[in-house]
Amino acid sequence: MQPWLGDKRFVAKGGTLLYAVDADVIMLYVNPAERAVATEQGREGYAQVFPWDNDAVSEALGRALAEHIFFRMGDTRGLLLLPPTEQEVRRIFAALTHRAAGEHADVAGDLHRLEVLVSNLKQERSDEATLDWLTSNAPRLARFLAGQRGPSAEVRRFSRLLAQGRIAPLEFALEQSWVIHSTLRKALRGPELFKGRADLRKLRENWFLRLSGTKSTATSKVLIYDDAQALARLEWTNAHLNQRRYRLVLITGDPSLLDAARYYVPDSQGETHSFADLYLRHPRAYLAEPAVLSPKKGTPKATVSVDTEFLKWLDTFLGELQVGGQSYRERLDEVLVKLEAQDAELTASVHQVLQRHPTIVEEVHQRWTDYTRNLVLDHGLPVSSGEAEIKVVAQLRDGVKAALERVSRQIARRVRETWAACFEVATQAGLGWLQASLGPVRARNVPLLSFHSFPKASQFVHAMLSSSPRGVSRKIYDKKFDALRQEDPSMYTFYVAHSLLFAAAGSWRVAAILAERAWDIAQAHQRKPITGREAAYLWAVALRHSAKHTADLARVSLLLQQANVCFAVDREERPEVEGGEIRFEAERLALWVTYHLFQRFLGEKLPDVVPTLAQVQDEIIALLQEKVVAMLERLDEHHQERRLIARIVERNLLTNLFTIALLRWDQGESLDPIKLRPLFARYDTNLRSSERPPIEPSFLVQSIYLAAGFCTASDDQEKEHLRQRLSNELTETNIVAHTVFPYDPGRFLFLRNLVSPGGVSKGAS
């Protein structure tokens, strides 16, 4: 806690502390049972103070520390995410939602089994016996009903951080004016001149070397590089701050970071403290805060004082360790130094203390136990939140059918709570900074959906997707959300709209989960005008974009068939419905191309049902000539939505057409520039069109367009121009930033090599 005391003194003298937080501390808040407690593999718990602490004490202490860090530190501002930590945070959120969806499926299975087994319950069973039976026979369901553990609970806790703006990337925080002082903003913004960037790169290289010595040999170099980048940014920023007025500290429990920084003293005039002491804080550093160990006595004002009850206890007890004129703090510092020295010196030092106080270990144990006796009650898991689930479970004995209906409703409520929490990322604190990270060009564009019967839903999506990188304000979001809910009480369009927003932010796995939820609502309600058409289509697109292997694509074709069936039902009831099945046909062809890309760049086997590239190419050309052209020719500006569909479908088909042409060329087949040139001219017309609304090309579309132009160009000057443009686009940085599918790095490198000198001659005719 010495660094914490130093921070308190720094603030008392008029200094200002800014806090950044590592992703592992976010997980301490999200899942304290996993992070706070020591593991069987010997990993120290983040909230483990003594080896004899039981798990309940460590977990409760972890909850208290995390609550204090995220909701009592940083004043009205949240905690910063130093680049590239925000990327890891996005991965965490996607993984949590994926696990939550799995949990919901498991719980549904538990409920079905419960319906079979519940007849075995005897009327004379007590509440406790009933709970024991339920815990033994349906443990996931029991945990889910309690609502305090498991993936769904973790999603809700994570979303609370986003909803209340407690975490944000550094760049987004600057855009939102969390920091106003110009000097401070300049330091936080990072280097702008070449020299500053060179200095930052050198710091990053040095941190990479330090971390390579403290990280496990199994740790990916990419992950080490990410940590090195964050620590380099932390060091650079502090070096450019007025050290007497400002300090940026990083809260992390990662032992490899702390070890790497413990023996490094920054190159500052007169500096004697290590980088760890100056700028890194383990969550345990905040043990002495009143709100942590004395929550009922701790108040926001009380946290300003360093004279806390916990410190008084330490002063009283550890003061007995004074040797001569040394204070216990000086004595502890001396012992810590000797930990790095010879064992004999440490043994002698400890022996001296034991001679004076032979029962010191027992006394420490007892006093700590006394001090933390009520900790679990103060910071442990509450019995319930909202409705008392325990009563629902107890009622199983009273009426089987009625009780099961109550349990089912409770499960549905938990599911709604989980996904409703996800939607908080659509507020200014959430999706705003997800969008801010995308840059001017999306990796992939989202599919066009038709909200023919729901104009409020259409307006909501348009407003969210066209908002500035800062996102929309919470007030505007809430207003549009209320209108959305009034228009469709079933919440079908609510889930579809937010699925689309996650897709726009590049979170395709989350988008697939929410689209599936919308589809389930459509199937359950079976009411007009909701058939589930758009949910099935969006779910198919999201599943394809989130696939890691060809096995993940198995359901896509079936969903597209279901979308077609739903569309046919819609047209029977409402012939005026727009949003033609041509989208579903184009997506089916994109699916076949995706299979071939998995085979070409990752070596995966193709299922027998997948047509050849030549067959897919023929189908694309037929669809372009027979349907797309016909749609564009017969529709004028009064049919804006259908024209937009036709334009997007045309672009997607041409992108896949030239992808196939390049793959076939790579397999040794001839590439005839003369035959392909008219198709490229059509591609060029589509991308250059001034028709409203504009369709911004994604990074993939731009890359395929440039490669197609290069391969079909007859003019050497045009060829060189396109080659230069594609080479400039396909940098390592851009490839990493715009990778969606696991084969994308191979695909983009293939395109880059294609335009290298002599690259196209392989299959040219």
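Worth knowing before you read on, the calculation uses all heavy atoms, side chains too, and leaves out hydrogens, waters and symmetry mates.
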Would you find a donor on one side and an acceptor on the other, under 3.5 Å apart, between the side chain of [X] and the backbone of [Y]?
X    : Y    : value
T237 : L234 : no
S698 : V701 : yes
N753 : L749 : yes
S499 : Y495 : no
D22  : V25  : no
T659 : T655 : yes
N656 : I620 : no

Handout entry: Distance-only side-chain donor-acceptor flag, D254 / T252, under 3.5 Å
Key =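 The answer is no; no qualifying pair exists.
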Salt bridge [X]-[Y], side-chain N to carboxylate O under 4.0 Å:
X    : Y    : answer
R544 : E587 : yes
R210 : D259 : no
E619 : R588 : yes
R189 : E171 : no
D716 : K719 : no
E732 : R752 : yes
R509 : E516 : no
R723 : E720 : yes
R99  : E154 : yes

Practice task
Compare all side-chain heavy atoms of R682 with those of L654 and state whether any distance is below 4.5 angstrom.
Solution key: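 They are in contact (side-chain heavy atoms under 4.5 Å apart), so the answer is yes.
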Problem - Residues in ring-ring contact (aromatic ring centres under 6.0 Å, His included) contact with W207, at least two apart in sequence or another chain - result: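 Once residues adjacent in sequence are excluded, the partners of W207 under the ring-ring contact (aromatic ring centres under 6.0 Å, His included) criterion are Y264, F275.
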Has [X] got its NZ or CZ under 6.0 Å from the middle of the six-membered ring of [Y], at an angle within 45 degrees of the ring axis?
X    : Y    : result
R600 : F750 : yes
R204 : Y225 : no
R747 : F601 : no

Measuring centre to centre across the rings, with the benzene-like ring taken for any Trp, is [X] within less than 6.0 Å of [Y]?
X    : Y    : value
F598 : H549 : no
H240 : W236 : yes
F699 : F748 : yes

